[in-house]
Amino acid sequence: MDANIHPGRVTLTQLPTPVEPLDRLSDWLDGPRLLIKRDDLTGLALGGNKTRKLEYLLHDARQQRARALLTTGAVQSNHCRQTAAAAAKTGMECVLVLAGERPTAASGNLLLDHLFGAEIVWCSREARDDTLERTYRAAQAAGRRPYLIPYGGSNPIGAAAYAAALRELMDQGVRPDWIVFASSSGGTQAGLLAGARRHRFPGQILGISVDEPATILKPRIAALATGTLRLLETADDRIEPSFAPEDVRVNDEYVGAGYGRPAEGEREAIQAFSHLEGILLDPVYTGRAAAGLIGLARQGFFGKEDTVLFWHTGGTPALFSESYRAFLLSAGDNEDQD
Ligand SMILES: *Cc1c(COP(=O)(O)O)cnc(C)c1O
């Protein structure tokens with residue numbers, strides 16, 4: 001698509017993902033005009049934003065002649081599920097370090113991790129980084145040639161995928177005033193920011209924090225966006241080489257009780273998108289980001305004439321996790337449900 005975009009990539013996705021109007025949702029909110037970018041339809045194993053990043057990360061892994069992918073995440077990690085699927089598709093082994101309590105029965109993303117043949121190492125949240133390090137060294141010692149993918153696939157190589165994704169959106173002829181989405185490990189936002197500067201995108205990029213305060217997320221994303229831009233730079237580029245935390249827009253007013261603990265806002269957002277548009281959101285990421293979108297629209301944060309694009313980042317399998325069953329059943333307005 002863009003000859004200057006490097007590093008290289010392997011193909012795991014079916015791009016471009018569609019952009020669709022959300023007319024019924026826009027009417028319900030009485031403006032602004034809403035669009036959605038369907039990265040829940042990236043194509044591999046129920047979709048999501050990590051598959052874009054994995055195309056670049058797997059290319060790097062292959063260059064290093066790695067034979068196993070190693071990464072980490074929460075029990076219902078979408079990133080781990082997409083990594084396991086990418087490993088299966090490319091004939092690599094996959095080792096997942098899952099941090100949290102091991103459930104009695106596998107459901108949602110965890111069920112899919114098993115289907116894709118991933119090897120799972122369990123640990124507590126506190127022991128995550130140590131366990132990852134130890135597992136990496138053990139795999140190396142065993143001659144498995146492991147390739148370590150950071151949390152969320154968020155390093156400059158992974159984030160570069162979202163610089164390309166922003167270019168993809170512009171090539172679709174879409175120039176929204178705002179792009180709104182769920183931000184967590186920050187690679188998606190860093191890549192979008194790098195792409196926006198590189199391709200002179202005129203709109204605003206607003207991440208809704210899923211777990212961390214903006215004071216932590218903004219400098220992290222600024223550093224990652226800077227690293228991403230450096231990676232993408234070519235000799236004839238005349239772009240500002242760095243980002244400051246003030247260049248990063250993050251709203252952290254929707255984190256509520258924290259990661260993986262959805263409440264009323266997520267419930268309303270999941271219900272609105274499903275009832276009005278037939279689109280599924282997840283309880284952890286996109287439900288929270290959409291709660292932010294709805295809340296901000298009601299406060300009049302966006303202009304009535306603005307076009308706001310909600311970038312759907314995936315997460316669908318978490319809907320089928322036992323852990324969110326009670327929450328989702330109460331999301332219907334059907335009084336018969338408990
Ligand atoms: C990982 C993830 C995000 C957050 O993306 P980051 O690049 O980690 O900020 C958002 N939505 C879903 C569904 C995810 O799995």
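We count ligands from 1, going down the list as the structure has it; atoms in each ligand are counted the same way. Each residue takes its place number in the sequence, starting with 1.
Of all the heavy atoms of Lys50, the ones lying under 4.0 Å from any atom of ligand 1 belong exclusively to the side chain. Only the side chain of Asn49 comes within 4.0 Å of ligand 1, judged by heavy-atom distances. Contact annotation for Gln189 and ligand 1: no heavy atom of the residue comes within less than 4.0 Å of the ligand.
The N/O atoms of Gly152, backbone and side chain alike, include none that comes under 3.5 Å of an N/O atom in ligand 1. Between His79 and ligand 1, no N or O atom pair is found at a separation short of 3.5 Å. Taking only nitrogen or oxygen atoms, main chain and side chain alike, Asp282 does not reach within less than 3.5 Å of ligand 1. Between Thr286 and ligand 1, not a single N/O pair is under 3.5 Å apart. The shortest N or O to N or O distance between Thr188 and ligand 1 is under 3.5 Å.
Atom CZ of Arg33 is separated from atom CG of Asp23 by 7.5 Å, given to the nearest 0.5 angstrom. One finds the NE2 atom of His79 at 11.0 Å from the OG atom of Ser184 (value rounded to the nearest 0.5 Å).
Using a cutoff of 4.0 Å between basic side-chain nitrogens and carboxylate oxygens, Glu133 and Arg128 are not scored as salt-bridged.
Contact between Gln82 and ligand 1 is absent, with no heavy atom of the residue lying under 4.0 Å from the ligand. The shortest heavy-atom distance from Gly48 to ligand 1 is not under 4.0 Å.
Annotation: side chain to side chain contact (heavy atoms under 4.5 Å, CB included) contacts of Arg134 (sequence neighbours excluded): Thr131.
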